[in-house]
Novice: 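Submitted below is the structure of interest, expressed as structure tokens.
Convention: sequence-line order gives letters A, B, ...; per-chain numbering from 1.
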2 protein chains.
Amino acid sequence: MLDELDRKLLEILVKDSRTSLKVLAQQVGLSSPSVSERLRRLEERGVIRAFTIEIDPQALGFSLQAIVRIRPLPGKLHIVQKLIEEIPEFGECDKVTGDDCFVARLFVRSIGELDHLLDRIADKAETSTAIIKGQPIRRRPPPLEALTGRS
Amino acid sequence: MLDELDRKLLEILVKDSRTSLKVLAQQVGLSSPSVSERLRRLEERGVIRAFTIEIDPQALGFSLQAIVRIRPLPGKLHIVQKLIEEIPEFGECDKVTGDDCFVARLFVRSIGELDHLLDRIADKAETSTAIIKGQPIRRRPPPLEALTGRS
DNA sequence: GTGAATACCTAATTAAATTAGGCATCGCCT
DNA sequence: AGGCGATGCCTAATTTAATTAGGTATTCAC
């Protein structure tokens, strides 16, 4: 369902999505219309979810990040979820097993802002917060390398 | 340091980084060479870290994700960090305050694979794992919206 | 007030993406 | 076995986009 060439294309595009069809084509040994068609299908099938840019949060003024565990109080699940969706300072957020809780990333400008945001959910959920220090050890993408290499 | 137009450009590009200079230009009311120059500088300054694609992990076979808290045993910090960097199944990983530990995302094909990977660090760190269920409530990006809107 | 630096513009050029049309291979059905 | 449709690729032509070159207005420092 995803052949060698598709994976190679994805690998190149993760590193630089502006790579021209011409260059992609010579990397995989196809013509540019063929590559174009493959990319179209990868998008169509949802393998490529988006062409996007990665922005440095610090450049936007978000010098602080935190990882927050949020356990909604009984009956408050939907209200809490809605809040998370609406507050723009939330980054990625996942629901995890166990005692039905969320794990989310928060981008803030200061500790004060962090406190303020947590206050907004304090009466609807039990939270625990870990402040992120330093630069990330790794950044996001799903492990394309893991498909070819051993682990 | 980042004016209104820059923010607008970032906002458009986060949604679709293939947006042409022509379209960007008319959205912000500049000519395309001017937009081109602004983007060049945003990259140069590190505001735009990368042009990239977002891939659906499931399409790659990673049907399971977990968030793992990893507290390296005394003296084992660097070994653990190196492992996290090298194992391709790790996604983003941050160091957090408190008792010096990491919070990482793991992409795996099965519970078996998850167990296997955790075994590899079991003798070097204390770990606790939460399996992610369902689709994420929110996805990654730092909150551009938070710069304009109130919160 | 003059000179240098910005930040923008338009027009011309170069480069990239798309379209159109055709060919080979494969699987399937009769 | 022969034919038919669907794939997946190709080249060449066309269209669209990005870049470059050169010029103008504005601002700030001296």
Novice: Can you measure B:Leu30 atom CG to D:dA25 atom C1' for me and round it to whole angstrom units?
Specialist: 15 Å
Novice: Do any N or O atoms from the side chain of B:Arg138 and from the backbone of A:Cys93 form a donor-acceptor pair under 3.5 angstrom?
Specialist: no
Novice: In whole angstrom, what separates A:Leu21's CG from D:dA18's P?
Specialist: 13 Å
Novice: Can a side chain N or O of B:Ser34 be found less than 4.0 Å away from OP1 or OP2 on C:dC9?
Specialist: yes
Novice: Can you tell me if the side-chain N/O atoms of A:Arg40 get under 4.0 Å from OP1 or OP2 in C:dT18?
Specialist: no
Novice: What's the CG-C1' distance between B:Leu13 and D:dA18, to the nearest Å?
Specialist: 14 Å
Novice: What residues form a side-chain hydrogen bond (donor to acceptor under 3.5 Å, both in side chains) with A:Lys8, not counting sequence neighbours?
Specialist: none
Novice: Could you walk me through whether B:Leu2 and B:Leu42 pass the side chain to side chain contact (heavy atoms under 4.5 Å, CB included) test, one step at a time?
Specialist: CA-CA 9 Å; B:Leu2 252 209; B:Leu42 286 170; 3.5 Å; yes
Novice: From the set C:dA16, D:dT11, D:dA17, return the single nucleotide nearest to any side-chain atom of A:Pro33.
Specialist: D:dT11
Novice: What is the distance, rounded to the nearest whole Å, between atom CG of A:Leu9 and atom P of D:dC9?
Specialist: 10 Å
Novice: Give the nucleotide from the list C:dT18, C:dA7, D:dT20 with an atom nearest to the side chain of B:Arg41.
Specialist: C:dA7
Novice: From D:dT11, D:dC9, C:dC8, pick the nucleotide closest to the side chain of B:Arg38?
Specialist: C:dC8
Novice: Rounded to whole Å, how long is the line connecting atom CG of A:Asp6 with atom C1' of D:dC9?
Specialist: 14 Å
Novice: Atom CG of B:Leu5 to atom C1' of C:dT6: distance rounded to whole Å?
Specialist: 15 Å
Novice: Look only at the side chain of A:Arg71 and the backbone of A:Phe102, and say whether a donor-acceptor pair between them is shorter than 3.5 Å.
Specialist: no
Novice: Rounding to an integer number of Å, can you tell me how far A:Gln26 CD sits from D:dT11 P?
Specialist: 13 Å
Novice: Considering only C:dC8, C:dA16, D:dT19, which nucleotide approaches the side chain of A:Lys22 most closely?
Specialist: C:dA16
Novice: Write out all pairs satisfying side-chain hydrogen bond (donor to acceptor under 3.5 Å, both in side chains) with one or both partners inside residues 33-42 of chain A, taking only residues at least two apart or from two chains.
Specialist: A:Asp3-A:Arg38, A:Asp6-A:Arg38, A:Ser31-A:Ser34, A:Glu37-A:Arg40, A:Arg40-A:Glu44
Novice: Quick one: label B:Ser36 by what it contacts on the DNA or RNA (base, sugar-phosphate, nothing), any heavy atom closer than 4.0 Å.
Specialist: sugar-phosphate
Novice: Can you figure out which of D:dC10, D:dA18, C:dA16 approaches the side chain of A:Ser31 most closely?
Specialist: D:dC10
Novice: What is the distance from CG of B:Leu24 to P of D:dA18, rounded to the nearest Å?
Specialist: 8 Å
